[in-house]
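The structure appears right after this line, and notes come after that.
Position 1 is the first residue of the sequence, and the numbers go up from there.
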Amino acid sequence: MSDSVDIYHNPRCSKSRATLELLESRGIEVSVIEYLKEPPDDIELRQLLDLLGISARELLRTSEAPYKELNLADPSKTEDEIIEAILKFPILMERPIVTTNSKARLGRPPEAVLEIL
């Protein structure tokens with residue numbers, strides 16, 4: 001495999017742990033990015049969204065406190081406002097995200113990431 005494989009990982013998340021375990025059990029070398037400790041910057045987040053082919057709104061975890069506190073359910077919130085919220089509160093980002101050099105998938109379910117490998 002010529003592409004590097006990265007996982008945006010939250011070790012407290014069962015889906016994230018299961019996705020990482022799935023990749024490792026298949027002998028795939030994975031670079032782990034604990035995005036709560038090392039959050040993406042604006043450019044990286046926009047690249048992730050582009051690779052995933054989704055909007056920032058679709059990446060939101062609606063059960064997190066900042067989602068409610070910032071009223072992110074408001075349909076008038078712009079893409080830039082949502083991206084700004086994710087940058088400020090990375091817990092809002094759905095996980096795990098697995099990327100190669102040219103593709104990305106959410107690990108929900110974990111097996112979904114195998115599509116890009």
Side-chain angles (χ1 to χ4, degrees):
M1 178 183 322
S2 60
D3 282 350
S4 66
V5 178
D6 297 328
I7 183 170
Y8 288 80
H9 178 64
N10 179 345
R12 296 186 62 192
C13 171
S14 63
K15 294 289 188 209
S16 196
R17 290 191 312 269
T19 302
L20 180 58
E21 184 178 303
L22 174 67
L23 295 170
E24 290 176 340
S25 73
R26 292 181 177 248
I28 298 167
E29 192 172 316
V30 183
S31 294
V32 176
I33 302 165
E34 287 192 38
Y35 69 92
L36 294 177
K37 293 179 182 177
E38 300 174 49
D41 63 21
D42 184 77
I43 292 170
E44 185 179 5
L45 180 56
R46 290 175 190 273
Q47 289 171 338
L48 279 173
L49 291 168
D50 189 48
L51 287 174
L52 288 165
I54 63 174
S55 69
R57 184 172 298 282
E58 293 170 285
L59 190 64
L60 285 173
R61 292 184 52 81
T62 60
S63 61
E64 299 297 338
Y67 180 84
K68 295 167 185 69
E69 293 163 5
L70 298 172
N71 193 26
L72 294 174
D74 179 350
S76 71
K77 296 283 184 186
T78 67
E79 182 83 350
D80 286 339
E81 288 173 319
I82 294 170
I83 287 172
E84 183 178 317
I86 294 171
L87 293 172
K88 187 171 182 180
F89 300 101
I91 192 72
L92 288 169
M93 191 167 81
E94 188 61 86
R95 75 271 181 155
I97 299 171
V98 173
T99 66
T100 65
N101 292 333
S102 58
K103 299 175 187 169
R105 287 285 182 281
L106 275 170
R108 295 191 169 263
E111 296 78 16
V113 303
L114 298 176
E115 298 170 5
I116 65 170
L117 303 175

**OP:** Can you measure from CD (Glu64) to CD (Glu94) and round to the nearest 0.5 angstrom?
**Re:** 9.0 Å
Original post:
Does one hydrophobic cluster hold both Leu59 and Val113, with members joined at side-chain heavy-atom distances below 4.5 Å?
Top reply: no
**OP:** Mark yes or no for whether Glu24, through its side chain, and Glu21, through its backbone, hold a donor-acceptor pair below 3.5 Å.
**Re:** no
Original post:
Taking Ile86 as the fixed residue, which of Leu72, Leu60, Leu49, Leu48 is the one that meets the side chain to side chain contact (heavy atoms under 4.5 Å, CB included) rule?
Top reply: Leu60
**OP:** Return yes if a side-chain donor-acceptor contact under 3.5 Å exists between Tyr8 and Glu44, otherwise no.
**Re:** yes
**OP:** Specify the closest pair of heavy atoms between Pro40 and Met93, including all atoms of both residues, with the distance to one decimal.
**Re:** CG-SD, 4.2 Å
Subject >> Nearest heavy atoms of Pro11 and Glu34, plus distance in Å >> reply: CG-OE1, 3.7 Å
**OP:** Any chance you could measure His9, atom NE2, to Lys37, atom NZ, to the nearest 0.5 Å?
**Re:** 9.5 Å
Original post:
Out of curiosity, Lys15 NZ to Leu106 CG, how far, rounded to the nearest 0.5 Å?
Top reply: 12.0 Å
Original post:
Are any of the side-chain heavy atoms of Asp80 and Glu84 separated by less than 4.5 Å?
Top reply: no
**OP:** Specify the closest pair of heavy atoms between Leu92 and Ala85, including all atoms of both residues, with the distance to one decimal.
**Re:** CD1-O, 3.7 Å
Original post:
Is it the case that one hydrophobic cluster holds both Ile54 and Ile7, taking links as side-chain heavy atoms less than 4.5 Å apart, direct or via other members?
Top reply: no
Subject >> Asp6, Leu23, Leu20, Leu22 screened by side chain to side chain contact (heavy atoms under 4.5 Å, CB included) with Val98, the one that passes >> reply: Leu23
**OP:** Please answer whether the main-chain N or O of Thr62 pairs with a side-chain N or O of Lys68 as donor and acceptor at a distance below 3.5 Å.
**Re:** yes
Subject >> Ser76 and Asp74 side chains, donor-acceptor separation under 3.5 Å >> reply: yes
Subject >> Heavy-atom pair of closest approach, residues Pro66 and Ile91 >> reply: CG-CG2, 4.1 Å
Subject >> Nearest heavy atoms of Arg108 and Cys13, plus distance in Å >> reply: NH2-SG, 3.6 Å
Original post:
Any link between Leu51 and Val32 through a network of hydrophobic side chains (Ile, Leu, Val, Met, Phe, Trp, Tyr) touching at under 4.5 Å?
Top reply: no
Original post:
With side chains defined as the heavy atoms from C-beta onward, is the minimum distance between Arg61 and Arg95 less than 4.5 Å?
Top reply: yes
**OP:** Indicate if Val30 and Leu52 have the same hydrophobic cluster label, given that clusters are the connected sets of ILVMFWY residues with side-chain heavy-atom separations under 4.5 angstrom.
**Re:** no
**OP:** For side chain to side chain contact (heavy atoms under 4.5 Å, CB included), just list the numbers for Asn10 and Arg12, CA-CA rounded to whole Å, side-chain angles, deciding distance to a tenth of an Å, and then say yes or no.
**Re:** CA-CA 5 Å; Asn10 179 345; Arg12 296 186 62 192; 3.4 Å; yes
Original post:
Given Lys77 and Leu70, is the side chain to side chain contact (heavy atoms under 4.5 Å, CB included) satisfied, shown in steps?
Top reply: CA-CA 10 Å; Lys77 296 283 184 186; Leu70 298 172; 5.6 Å; no
Original post:
Are Arg46 and Asp42 ion-paired here, with the side-chain N under 4.0 Å from a carboxylate O?
Top reply: yes
